[in-house]
Amino acid sequence: MSIRLRLDKPWRSLDAEEVARLPGQLGVYQVADARGVLVYIGQVGARSPFGLRSELQRELAERGPGLTFRVEVNMQYRSRWFELLMVHQADHGSLPADNARNPPPLGRLSPA
Amino acid sequence: MDFEPSPEQQMLIDQVRRFVREEIIPLEAGLDPDASELEPADHARLVEKTKAMGLFGIDIPKAFGGPDIDIVTRTLLAIEMAQHRAGLYVPCYGTFGGAGLAQIFEANEDQKERYLYPTLRGEKKAFFGLTEPSGGSDPARAIQTRAERKDNGWVLNGAKIFISNADRAQYGIVFARTDAAKGRAGITCFIVDSDTPGFHVRRVVHTLRSSHYATELEFKDCWVSDHQVLGEVNKGFAVANDRLTRQRIPYAAGCIGVAIAAHEMAIEWAKMRSTFGEKLANRQAVQWMLVDNEIDIRSARHFTLEAAEKARRGLPFRTEAALAKLIASEGGGRVVDRSMQIHGGMGMTKDLPLERWYREMRIRRVGEGPSEVQRMVIAREILGSNLR
(Lines give C-alpha, C1' and ligand atoms only; values in the text may rest on other atoms or scores of the structure.)
Protein backbone atom coordinates (compact mmCIF):
# COMPACT_ATOMS: atom_id res chain seq x y z
CA MET A 1 0.00 0.00 0.00
CA SER A 2 1.55 3.30 -1.01
CA ILE A 3 0.48 6.44 0.77
CA ARG A 4 0.70 9.67 -1.20
CA LEU A 5 1.07 12.60 1.13
CA ARG A 6 2.02 15.10 -1.53
CA LEU A 7 0.05 15.93 -4.65
CA ASP A 8 1.96 14.46 -7.60
CA LYS A 9 -0.28 15.16 -10.62
CA PRO A 10 1.23 16.92 -13.66
CA TRP A 11 1.21 20.72 -13.82
CA ARG A 12 -0.92 22.30 -16.54
CA SER A 13 -1.19 25.80 -17.93
CA LEU A 14 -3.95 27.80 -16.26
CA ASP A 15 -5.83 28.76 -19.41
CA ALA A 16 -9.39 28.49 -20.65
CA GLU A 17 -8.75 25.44 -22.82
CA GLU A 18 -7.14 23.36 -20.04
CA VAL A 19 -9.72 24.41 -17.48
CA ALA A 20 -12.59 23.50 -19.82
CA ARG A 21 -11.30 19.92 -19.86
CA LEU A 22 -11.57 19.54 -16.10
CA PRO A 23 -14.22 17.25 -14.60
CA GLY A 24 -17.09 18.59 -12.55
CA GLN A 25 -16.00 16.54 -9.56
CA LEU A 26 -14.94 17.45 -6.05
CA GLY A 27 -11.30 17.57 -5.05
CA VAL A 28 -8.26 19.69 -4.33
CA TYR A 29 -5.97 21.79 -6.49
CA GLN A 30 -2.76 23.78 -6.42
CA VAL A 31 -1.82 26.95 -8.28
CA ALA A 32 1.81 27.95 -8.97
CA ASP A 33 3.20 31.25 -10.27
CA ALA A 34 5.35 31.70 -13.38
CA ARG A 35 8.49 30.71 -11.42
CA GLY A 36 6.85 27.47 -10.34
CA VAL A 37 6.35 28.60 -6.74
CA LEU A 38 3.19 27.17 -5.23
CA VAL A 39 0.97 30.10 -4.26
CA TYR A 40 -2.32 28.47 -3.29
CA ILE A 41 -3.84 25.15 -2.27
CA GLY A 42 -7.60 25.03 -2.75
CA GLN A 43 -10.47 22.67 -2.09
CA VAL A 44 -13.61 22.20 -4.16
CA GLY A 45 -16.68 21.28 -2.15
CA ALA A 46 -20.23 20.40 -3.09
CA ARG A 47 -21.39 24.01 -3.25
CA SER A 48 -19.37 24.56 -6.40
CA PRO A 49 -21.75 24.21 -9.38
CA PHE A 50 -19.32 22.31 -11.63
CA GLY A 51 -16.72 21.19 -9.13
CA LEU A 52 -13.06 21.54 -10.11
CA ARG A 53 -13.96 23.13 -13.45
CA SER A 54 -15.93 25.97 -11.81
CA GLU A 55 -13.26 26.66 -9.20
CA LEU A 56 -10.40 26.75 -11.69
CA GLN A 57 -12.47 28.97 -13.99
CA ARG A 58 -12.86 31.33 -11.07
CA GLU A 59 -9.11 31.15 -10.32
CA LEU A 60 -8.31 31.95 -13.97
CA ALA A 61 -10.72 34.89 -14.00
CA GLU A 62 -9.28 36.31 -10.78
CA ARG A 63 -5.57 35.59 -11.31
CA GLY A 64 -5.23 35.94 -15.09
CA PRO A 65 -2.93 33.94 -17.38
CA GLY A 66 0.70 32.88 -16.93
CA LEU A 67 0.17 30.47 -14.03
CA THR A 68 0.04 26.68 -13.75
CA PHE A 69 -2.23 24.37 -11.80
CA ARG A 70 -2.81 20.73 -10.96
CA VAL A 71 -5.82 18.93 -9.55
CA GLU A 72 -6.71 15.76 -7.72
CA VAL A 73 -10.26 14.40 -7.82
CA ASN A 74 -11.02 13.44 -4.24
CA MET A 75 -14.34 12.99 -2.44
CA GLN A 76 -12.47 13.56 0.82
CA TYR A 77 -11.63 17.04 -0.33
CA ARG A 78 -11.71 18.59 3.14
CA SER A 79 -9.41 16.22 4.97
CA ARG A 80 -7.12 16.04 1.90
CA TRP A 81 -6.97 19.86 1.80
CA PHE A 82 -5.96 20.01 5.45
CA GLU A 83 -3.38 17.33 4.80
CA LEU A 84 -1.82 19.17 1.84
CA LEU A 85 -1.62 22.40 3.82
CA MET A 86 0.03 20.69 6.80
CA VAL A 87 2.48 18.82 4.59
CA HIS A 88 3.41 22.09 2.83
CA GLN A 89 3.94 23.74 6.19
CA ALA A 90 6.14 20.84 7.32
CA ASP A 91 8.16 20.87 4.08
CA HIS A 92 8.61 24.64 3.73
CA GLY A 93 8.04 26.07 7.20
CA SER A 94 5.10 28.16 5.99
CA LEU A 95 1.85 28.00 4.07
CA PRO A 96 1.58 29.04 0.41
CA ALA A 97 1.35 32.84 0.24
CA ASP A 98 -2.35 33.05 -0.60
CA ASN A 99 -3.34 30.50 2.06
CA ALA A 100 -1.27 32.33 4.67
CA ARG A 101 -3.47 35.44 4.28
CA ASN A 102 -6.47 33.60 5.77
CA PRO A 103 -5.18 30.37 7.30
CA PRO A 104 -7.64 27.73 8.49
CA PRO A 105 -7.10 26.13 11.91
CA LEU A 106 -4.31 23.65 11.27
CA GLY A 107 -2.47 21.00 13.20
CA ARG A 108 1.14 19.92 12.94
CA LEU A 109 2.48 17.05 10.87
CA SER A 110 6.02 15.74 10.79
CA PRO A 111 5.96 13.39 7.81
CA ALA A 112 8.71 10.79 7.82
CA MET B 1 -38.07 2.08 34.55
CA ASP B 2 -39.97 5.14 33.36
CA PHE B 3 -38.06 7.07 30.72
CA GLU B 4 -40.62 9.80 30.10
CA PRO B 5 -38.81 13.10 30.67
CA SER B 6 -39.75 15.00 33.81
CA PRO B 7 -41.11 18.56 33.35
CA GLU B 8 -37.63 19.90 34.22
CA GLN B 9 -35.96 17.61 31.69
CA GLN B 10 -38.55 18.51 29.04
CA MET B 11 -37.85 22.19 29.57
CA LEU B 12 -34.14 21.62 28.91
CA ILE B 13 -34.91 19.41 25.91
CA ASP B 14 -37.13 22.14 24.42
CA GLN B 15 -34.41 24.72 25.03
CA VAL B 16 -31.76 22.66 23.22
CA ARG B 17 -34.19 21.73 20.42
CA ARG B 18 -34.89 25.42 19.79
CA PHE B 19 -31.16 26.16 19.84
CA VAL B 20 -30.50 23.48 17.20
CA ARG B 21 -33.36 24.59 14.97
CA GLU B 22 -32.99 28.36 15.32
CA GLU B 23 -29.21 28.76 15.65
CA ILE B 24 -27.35 25.75 14.30
CA ILE B 25 -29.37 24.62 11.27
CA PRO B 26 -29.66 28.10 9.67
CA LEU B 27 -25.87 28.62 9.99
CA GLU B 28 -25.20 25.12 8.71
CA ALA B 29 -27.17 25.85 5.53
CA GLY B 30 -24.39 28.24 4.49
CA LEU B 31 -21.50 25.86 5.18
CA ASP B 32 -19.89 23.21 3.02
CA PRO B 33 -21.86 19.94 3.42
CA ASP B 34 -18.79 18.33 4.98
CA ALA B 35 -17.86 21.21 7.26
CA SER B 36 -17.10 20.45 10.88
CA GLU B 37 -16.46 23.97 12.16
CA LEU B 38 -18.46 27.18 12.39
CA GLU B 39 -16.95 30.53 11.57
CA PRO B 40 -15.05 31.65 14.72
CA ALA B 41 -17.34 34.65 15.31
CA ASP B 42 -20.46 32.47 15.09
CA HIS B 43 -18.92 29.90 17.40
CA ALA B 44 -18.03 32.53 20.00
CA ARG B 45 -21.52 34.06 19.83
CA LEU B 46 -23.22 30.69 20.31
CA VAL B 47 -20.92 29.73 23.20
CA GLU B 48 -22.13 32.87 24.97
CA LYS B 49 -25.70 31.68 24.38
CA THR B 50 -25.12 28.21 25.81
CA LYS B 51 -23.42 29.80 28.81
CA ALA B 52 -26.45 32.04 29.29
CA MET B 53 -28.64 28.92 29.07
CA GLY B 54 -26.59 27.41 31.91
CA LEU B 55 -25.68 24.44 29.73
CA PHE B 56 -22.06 25.13 28.82
CA GLY B 57 -19.75 22.26 29.78
CA ILE B 58 -22.61 19.96 30.74
CA ASP B 59 -20.30 16.95 30.98
CA ILE B 60 -18.04 18.63 33.54
CA PRO B 61 -18.63 17.33 37.09
CA LYS B 62 -20.11 19.82 39.53
CA ALA B 63 -16.98 19.71 41.68
CA PHE B 64 -15.06 21.16 38.74
CA GLY B 65 -17.55 23.90 37.88
CA GLY B 66 -20.01 21.99 35.71
CA PRO B 67 -23.76 22.71 35.82
CA ASP B 68 -24.59 19.52 37.79
CA ILE B 69 -26.81 17.80 35.24
CA ASP B 70 -27.31 14.07 35.77
CA ILE B 71 -26.31 11.55 33.10
CA VAL B 72 -29.89 10.66 32.11
CA THR B 73 -30.67 14.31 31.38
CA ARG B 74 -27.34 14.71 29.58
CA THR B 75 -28.24 11.73 27.42
CA LEU B 76 -31.62 13.23 26.56
CA LEU B 77 -29.88 16.49 25.63
CA ALA B 78 -27.20 14.68 23.60
CA ILE B 79 -30.00 13.13 21.52
CA GLU B 80 -31.24 16.65 20.74
CA MET B 81 -27.81 18.14 20.06
CA ALA B 82 -27.07 15.61 17.32
CA GLN B 83 -30.07 16.49 15.17
CA HIS B 84 -28.33 18.41 12.40
CA ARG B 85 -25.99 17.65 9.50
CA ALA B 86 -22.71 17.64 11.46
CA GLY B 87 -24.41 16.45 14.63
CA LEU B 88 -23.17 12.87 14.78
CA TYR B 89 -19.54 13.77 15.39
CA VAL B 90 -19.71 17.50 16.09
CA PRO B 91 -22.94 18.08 18.01
CA CYS B 92 -23.80 21.77 17.80
CA TYR B 93 -20.22 22.34 16.58
CA GLY B 94 -18.92 22.11 20.12
CA THR B 95 -20.78 25.20 21.33
CA PHE B 96 -21.88 23.38 24.49
CA GLY B 97 -18.23 22.90 25.44
CA GLY B 98 -16.64 19.69 26.58
CA ALA B 99 -15.08 18.10 29.59
CA GLY B 100 -11.99 16.78 27.81
CA LEU B 101 -10.80 13.27 28.52
CA ALA B 102 -12.55 11.60 31.44
CA GLN B 103 -9.29 10.04 32.72
CA ILE B 104 -7.75 13.40 33.51
CA PHE B 105 -10.29 13.85 36.30
CA GLU B 106 -8.56 10.89 37.98
CA ALA B 107 -5.13 12.54 37.73
CA ASN B 108 -3.10 13.63 40.76
CA GLU B 109 -3.18 17.27 41.86
CA ASP B 110 0.01 18.22 40.03
CA GLN B 111 -1.32 16.71 36.79
CA LYS B 112 -4.70 18.38 37.29
CA GLU B 113 -2.97 21.76 37.55
CA ARG B 114 -0.95 21.13 34.42
CA TYR B 115 -3.61 19.43 32.29
CA LEU B 116 -7.17 19.26 33.65
CA TYR B 117 -7.74 22.87 34.61
CA PRO B 118 -6.18 24.32 31.42
CA THR B 119 -8.38 21.90 29.46
CA LEU B 120 -11.53 23.01 31.27
CA ARG B 121 -10.54 26.65 30.65
CA GLY B 122 -10.26 25.85 26.94
CA GLU B 123 -6.50 26.50 26.89
CA LYS B 124 -5.42 22.93 26.10
CA LYS B 125 -6.74 20.14 23.93
CA ALA B 126 -6.01 16.45 24.34
CA PHE B 127 -5.94 13.25 22.30
CA PHE B 128 -6.57 9.65 23.35
CA GLY B 129 -3.80 7.32 22.12
CA LEU B 130 -4.90 3.72 22.45
CA THR B 131 -5.35 2.01 19.06
CA GLU B 132 -2.28 0.68 17.24
CA PRO B 133 -1.66 -0.67 13.74
CA SER B 134 -1.67 -4.13 15.35
CA GLY B 135 -5.32 -3.74 16.36
CA GLY B 136 -7.85 -1.70 18.28
CA SER B 137 -10.62 -4.05 19.39
CA ASP B 138 -8.39 -5.97 21.77
CA PRO B 139 -6.00 -3.32 23.06
CA ALA B 140 -4.78 -5.42 25.99
CA ARG B 141 -3.10 -7.81 23.56
CA ALA B 142 -2.57 -5.49 20.60
CA ILE B 143 -0.55 -2.75 22.30
CA GLN B 144 3.05 -3.03 21.11
CA THR B 145 4.22 0.46 22.02
CA ARG B 146 6.85 -0.10 24.70
CA ALA B 147 7.85 2.07 27.63
CA GLU B 148 11.19 1.24 29.25
CA ARG B 149 12.70 2.67 32.42
CA LYS B 150 15.40 5.30 31.97
CA ASP B 151 16.64 8.25 34.09
CA ASN B 152 13.67 8.56 36.48
CA GLY B 153 11.29 8.22 33.61
CA TRP B 154 10.23 6.14 30.65
CA VAL B 155 11.26 5.92 27.01
CA LEU B 156 8.39 5.28 24.62
CA ASN B 157 8.83 3.59 21.25
CA GLY B 158 6.03 2.52 18.95
CA ALA B 159 3.10 3.72 16.85
CA LYS B 160 -0.59 4.60 17.21
CA ILE B 161 -3.23 4.92 14.51
CA PHE B 162 -6.76 6.33 14.10
CA ILE B 163 -6.01 8.98 16.70
CA SER B 164 -8.23 12.06 16.45
CA ASN B 165 -6.94 15.57 17.09
CA ALA B 166 -3.34 14.56 17.87
CA ASP B 167 -2.07 17.16 15.41
CA ARG B 168 -3.91 19.98 17.19
CA ALA B 169 -3.65 18.82 20.79
CA GLN B 170 -1.20 20.09 23.38
CA TYR B 171 -1.06 16.72 25.13
CA GLY B 172 -2.42 13.21 24.95
CA ILE B 173 -3.03 10.11 27.00
CA VAL B 174 -0.91 7.30 25.62
CA PHE B 175 -1.04 3.62 26.55
CA ALA B 176 2.18 1.63 26.41
CA ARG B 177 3.39 -1.78 27.49
CA THR B 178 5.59 -1.58 30.57
CA ASP B 179 5.74 -5.31 31.33
CA ALA B 180 5.72 -7.61 28.32
CA ALA B 181 5.06 -10.71 30.43
CA LYS B 182 1.89 -9.49 32.12
CA GLY B 183 -0.66 -9.01 29.29
CA ARG B 184 -3.34 -6.52 30.31
CA ALA B 185 -1.67 -6.13 33.70
CA GLY B 186 1.46 -4.81 31.99
CA ILE B 187 0.05 -1.63 30.43
CA THR B 188 0.62 1.87 31.76
CA CYS B 189 -1.06 5.15 30.87
CA PHE B 190 1.17 8.18 30.23
CA ILE B 191 0.42 11.85 29.68
CA VAL B 192 2.57 12.99 26.75
CA ASP B 193 3.02 16.65 25.80
CA SER B 194 2.89 16.98 22.03
CA ASP B 195 6.11 19.02 21.99
CA THR B 196 8.06 16.20 23.65
CA PRO B 197 11.09 15.25 21.52
CA GLY B 198 10.45 11.93 19.82
CA PHE B 199 6.68 12.48 19.48
CA HIS B 200 5.63 12.69 15.83
CA VAL B 201 2.30 13.03 14.01
CA ARG B 202 3.38 11.17 10.91
CA ARG B 203 0.37 11.38 8.65
CA VAL B 204 -3.31 12.04 8.16
CA VAL B 205 -5.57 8.99 7.89
CA HIS B 206 -8.55 9.65 5.62
CA THR B 207 -11.79 7.83 6.37
CA LEU B 208 -15.43 7.82 5.31
CA ARG B 209 -15.78 10.81 7.57
CA SER B 210 -14.39 13.27 5.07
CA SER B 211 -15.12 16.29 7.25
CA HIS B 212 -12.42 15.17 9.64
CA TYR B 213 -9.36 12.97 9.73
CA ALA B 214 -7.52 10.72 12.11
CA THR B 215 -3.74 10.63 12.46
CA GLU B 216 -0.93 8.12 12.75
CA LEU B 217 1.61 8.73 15.50
CA GLU B 218 5.16 7.60 16.05
CA PHE B 219 7.04 7.54 19.34
CA LYS B 220 10.77 7.37 18.74
CA ASP B 221 12.88 7.37 21.90
CA CYS B 222 10.29 9.68 23.42
CA TRP B 223 11.31 10.23 27.07
CA VAL B 224 8.74 11.25 29.68
CA SER B 225 9.33 11.64 33.41
CA ASP B 226 7.68 9.61 36.17
CA HIS B 227 5.43 12.63 36.78
CA GLN B 228 3.70 11.80 33.47
CA VAL B 229 2.36 8.43 34.62
CA LEU B 230 -1.44 8.67 34.95
CA GLY B 231 -2.62 6.39 37.74
CA GLU B 232 -0.33 3.52 38.60
CA VAL B 233 2.31 1.68 36.63
CA ASN B 234 0.89 -1.47 35.01
CA LYS B 235 -2.69 -0.43 35.78
CA GLY B 236 -3.36 1.55 32.61
CA PHE B 237 -5.76 -0.92 31.10
CA ALA B 238 -8.39 -0.20 33.74
CA VAL B 239 -8.09 3.49 32.83
CA ALA B 240 -8.69 2.70 29.15
CA ASN B 241 -11.53 0.32 29.84
CA ASP B 242 -13.40 2.70 32.09
CA ARG B 243 -13.32 5.34 29.40
CA LEU B 244 -14.53 2.96 26.71
CA THR B 245 -17.54 1.93 28.80
CA ARG B 246 -18.56 5.47 29.77
CA GLN B 247 -18.18 6.78 26.25
CA ARG B 248 -20.70 4.30 24.87
CA ILE B 249 -23.73 6.14 26.29
CA PRO B 250 -23.20 9.54 24.58
CA TYR B 251 -21.99 7.64 21.51
CA ALA B 252 -25.34 5.83 21.37
CA ALA B 253 -27.23 9.08 22.04
CA GLY B 254 -25.64 10.71 18.99
CA CYS B 255 -26.76 7.81 16.79
CA ILE B 256 -30.32 8.16 18.10
CA GLY B 257 -30.37 11.90 17.45
CA VAL B 258 -29.31 11.50 13.85
CA ALA B 259 -31.75 8.60 13.37
CA ILE B 260 -34.61 10.79 14.64
CA ALA B 261 -33.61 13.61 12.28
CA ALA B 262 -33.42 11.24 9.29
CA HIS B 263 -36.73 9.62 10.22
CA GLU B 264 -38.48 12.99 10.51
CA MET B 265 -37.18 13.95 7.08
CA ALA B 266 -38.46 10.66 5.65
CA ILE B 267 -41.92 11.14 7.18
CA GLU B 268 -42.18 14.67 5.81
CA TRP B 269 -41.00 13.55 2.35
CA ALA B 270 -43.39 10.57 2.30
CA LYS B 271 -46.34 12.84 3.04
CA MET B 272 -45.34 15.29 0.31
CA ARG B 273 -43.99 13.16 -2.53
CA SER B 274 -46.31 11.39 -5.00
CA THR B 275 -45.49 8.59 -7.42
CA PHE B 276 -47.91 7.01 -9.88
CA GLY B 277 -50.69 9.23 -8.55
CA GLU B 278 -50.31 8.31 -4.88
CA LYS B 279 -48.47 9.83 -1.92
CA LEU B 280 -45.53 7.71 -0.76
CA ALA B 281 -47.07 7.77 2.71
CA ASN B 282 -50.06 5.81 1.40
CA ARG B 283 -47.90 2.95 0.11
CA GLN B 284 -47.46 -0.02 2.38
CA ALA B 285 -43.81 -0.51 1.36
CA VAL B 286 -43.00 2.97 2.60
CA GLN B 287 -45.21 2.73 5.68
CA TRP B 288 -43.39 -0.40 6.77
CA MET B 289 -40.02 1.25 6.34
CA LEU B 290 -41.22 4.11 8.55
CA VAL B 291 -42.53 1.64 11.12
CA ASP B 292 -39.19 -0.16 11.16
CA ASN B 293 -37.49 3.21 11.68
CA GLU B 294 -39.76 3.86 14.63
CA ILE B 295 -38.95 0.45 16.14
CA ASP B 296 -35.20 0.99 15.76
CA ILE B 297 -35.35 4.46 17.31
CA ARG B 298 -37.56 3.51 20.23
CA SER B 299 -35.54 0.43 21.14
CA ALA B 300 -32.25 2.34 20.90
CA ARG B 301 -33.67 5.10 23.07
CA HIS B 302 -34.93 2.62 25.66
CA PHE B 303 -31.64 0.73 25.98
CA THR B 304 -29.56 3.92 26.03
CA LEU B 305 -31.64 5.54 28.74
CA GLU B 306 -31.57 2.28 30.72
CA ALA B 307 -27.75 2.34 30.63
CA ALA B 308 -27.74 6.01 31.63
CA GLU B 309 -30.16 5.36 34.50
CA LYS B 310 -27.97 2.55 35.85
CA ALA B 311 -24.93 4.79 35.61
CA ARG B 312 -26.84 7.55 37.41
CA ARG B 313 -27.68 5.20 40.25
CA GLY B 314 -24.07 4.09 40.54
CA LEU B 315 -24.89 0.53 39.49
CA PRO B 316 -22.74 -1.55 37.12
CA PHE B 317 -23.71 -0.61 33.57
CA ARG B 318 -21.10 -2.27 31.34
CA THR B 319 -23.58 -4.67 29.72
CA GLU B 320 -26.26 -2.01 29.35
CA ALA B 321 -23.75 0.39 27.76
CA ALA B 322 -22.71 -2.33 25.31
CA LEU B 323 -26.37 -3.03 24.45
CA ALA B 324 -27.03 0.68 23.97
CA LYS B 325 -24.01 1.19 21.73
CA LEU B 326 -24.77 -1.92 19.68
CA ILE B 327 -28.48 -1.25 19.18
CA ALA B 328 -28.16 2.49 18.55
CA SER B 329 -25.29 2.24 16.05
CA GLU B 330 -26.77 -0.67 14.09
CA GLY B 331 -30.35 0.62 14.29
CA GLY B 332 -29.28 4.17 13.47
CA GLY B 333 -27.54 2.92 10.34
CA ARG B 334 -30.69 1.12 9.24
CA VAL B 335 -32.85 4.20 9.85
CA VAL B 336 -30.60 6.42 7.76
CA ASP B 337 -30.46 3.79 5.01
CA ARG B 338 -34.27 3.45 4.86
CA SER B 339 -34.72 7.21 4.95
CA MET B 340 -32.38 7.54 1.96
CA GLN B 341 -34.38 4.86 0.14
CA ILE B 342 -37.61 6.76 0.74
CA HIS B 343 -36.00 9.95 -0.61
CA GLY B 344 -34.88 8.21 -3.81
CA GLY B 345 -32.26 10.04 -5.87
CA MET B 346 -32.37 13.13 -3.66
CA GLY B 347 -31.31 10.99 -0.73
CA MET B 348 -27.99 10.26 -2.41
CA THR B 349 -27.03 13.89 -2.96
CA LYS B 350 -24.99 16.30 -0.89
CA ASP B 351 -27.99 18.64 -1.05
CA LEU B 352 -29.41 16.73 1.92
CA PRO B 353 -27.61 15.62 5.10
CA LEU B 354 -28.57 11.96 4.61
CA GLU B 355 -25.46 10.99 2.61
CA ARG B 356 -23.15 12.43 5.27
CA TRP B 357 -25.07 10.64 8.02
CA TYR B 358 -24.92 7.41 5.98
CA ARG B 359 -21.11 7.56 5.75
CA GLU B 360 -20.57 8.68 9.31
CA MET B 361 -23.08 6.25 10.79
CA ARG B 362 -21.20 3.38 9.17
CA ILE B 363 -18.16 4.28 11.24
CA ARG B 364 -20.27 4.02 14.40
CA ARG B 365 -20.50 0.25 14.09
CA VAL B 366 -16.72 0.10 14.46
CA GLY B 367 -15.76 3.14 16.56
CA GLU B 368 -15.66 2.86 20.37
CA GLY B 369 -15.64 -0.93 20.11
CA PRO B 370 -17.16 -2.73 17.11
CA SER B 371 -20.51 -4.50 17.23
CA GLU B 372 -18.77 -7.84 17.62
CA VAL B 373 -16.95 -6.69 20.76
CA GLN B 374 -20.21 -5.36 22.22
CA ARG B 375 -21.75 -8.78 21.58
CA MET B 376 -18.79 -10.41 23.33
CA VAL B 377 -19.31 -8.17 26.36
CA ILE B 378 -23.02 -9.04 26.45
CA ALA B 379 -22.32 -12.75 25.91
CA ARG B 380 -19.95 -12.79 28.89
CA GLU B 381 -22.75 -11.39 31.00
CA ILE B 382 -25.29 -13.93 29.72
CA LEU B 383 -22.99 -16.95 29.96
CA GLY B 384 -21.01 -15.91 33.00
CA SER B 385 -21.82 -15.93 36.66
CA ASN B 386 -24.58 -13.36 36.25
CA LEU B 387 -26.79 -15.66 34.16
CA ARG B 388 -30.36 -14.57 34.69
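All figures in this text were calculated on a predicted structure; none of them were measured in a lab.
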Quiz item: So, is the end of the A/Arg70 side chain (NZ or CZ) under 6.0 Å from the ring centre of A/Tyr29 and within 45° of the ring's axis?
Solution: no
Less than 4.0 angstrom from a charged side-chain N to a carboxylate O is my criterion; do [X] and [Y] meet it?
X: B/Arg168; Y: B/Glu37; value: yes
X: B/Glu28; Y: B/Arg85; value: no
X: B/Glu48; Y: B/Arg45; value: no
X: B/Arg359; Y: B/Asp34; value: yes

Quiz item: Looking at residues at least two apart in the chain, or sitting in another chain, which of them share a side-chain contact (heavy atoms from CB on, under 4.5 Å) with B/Ile363?
Solution: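 For B/Ile363 the side-chain contact (heavy atoms from CB on, under 4.5 Å) partners, ignoring immediate neighbours, are B/Tyr89, B/Thr207, B/Leu208, B/Arg209.
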Exercise. Begin from the C-alpha positions of B/Glu264 and B/Arg21 and carry the test salt bridge (charged side-chain N to carboxylate O under 4.0 Å, His left out) through to its verdict.
Key: CA-CA 13 Å; B/Glu264 285 178 352; B/Arg21 291 183 182 178; 3.7 Å; yes
Exercise. Under 4.5 Å, counting heavy-atom pairs only, tell me which of B/Ser36, B/Pro40, B/Ala166, B/Ala29 racks up the most with chain A.
Key: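 Of B/Ser36, B/Pro40, B/Ala166, B/Ala29, B/Ala29 has the most heavy-atom pairs under 4.5 Å with chain A.
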Self-check item: Side-chain (B/Glu132) to main-chain (B/Gln144) donor-acceptor, under 3.5 angstrom
Solution: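 Between the backbone of B/Gln144 and the side chain of B/Glu132 there is a qualifying donor-acceptor contact (under 3.5 Å).
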Quiz item: Where does the angle between the aromatic ring planes of B/Trp269 and B/His343 fall among parallel (under 30°), tilted (30 to 60°) and perpendicular (over 60°)?
Solution: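 Ring orientation of B/Trp269 relative to B/His343: parallel.
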Self-check item: Side chain / backbone / both / neither for A/Met86 at chain B, heavy atoms under 4.5 Å
Solution: side chain
Quiz item: Does any heavy atom of chain B fall under 4.5 Å from the side chain of A/Leu26, the backbone, both, or neither of them?
Solution: side chain
Quiz item: With only heavy atoms counted, which part of B/Glu218 is less than 4.5 Å from chain A, the side chain, the backbone, both or neither?
Solution: neither
Quiz item: Is it the side chain or the backbone of B/His212 that comes within 4.5 Å of chain A heavy atoms, both, or neither?
Solution: backbone
Self-check item: Donor on one side chain, acceptor on other, B/Tyr171 and B/Thr196, under 3.5 Å
Solution: no
Exercise. Would you kindly say whether B/Gln228 and B/Tyr115 are connected by a side-chain donor-acceptor distance under 3.5 Å?
Key: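 Checked: B/Gln228/B/Tyr115 side chains pair up, N/O donor to acceptor below 3.5 Å.
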Quiz prompt | Partners meeting side chain to side chain donor-acceptor pair (under 3.5 Å) with B/Arg356 (sequence neighbours left out) | solution =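 If we apply the side chain to side chain donor-acceptor pair (under 3.5 Å) test to B/Arg356, skipping adjacent residues, the hits are B/Ser211, B/Glu360.
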Exercise. Report, by ascending residue number, the residues of residues 37-59 of chain A in heavy-atom contact with chain B at a distance under 4.5 Å; give 'none' if the set is empty.
Key: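 Those residues of residues 37-59 of chain A which have a heavy atom under 4.5 Å from chain B are A/Gly45, A/Ala46, A/Arg47.
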Quiz prompt | Residues in residues 89-109 of chain A that sit under 4.5 Å from chain B, counting heavy atoms only | solution = A/Pro105, A/Leu106, A/Gly107, A/Arg108, A/Leu109
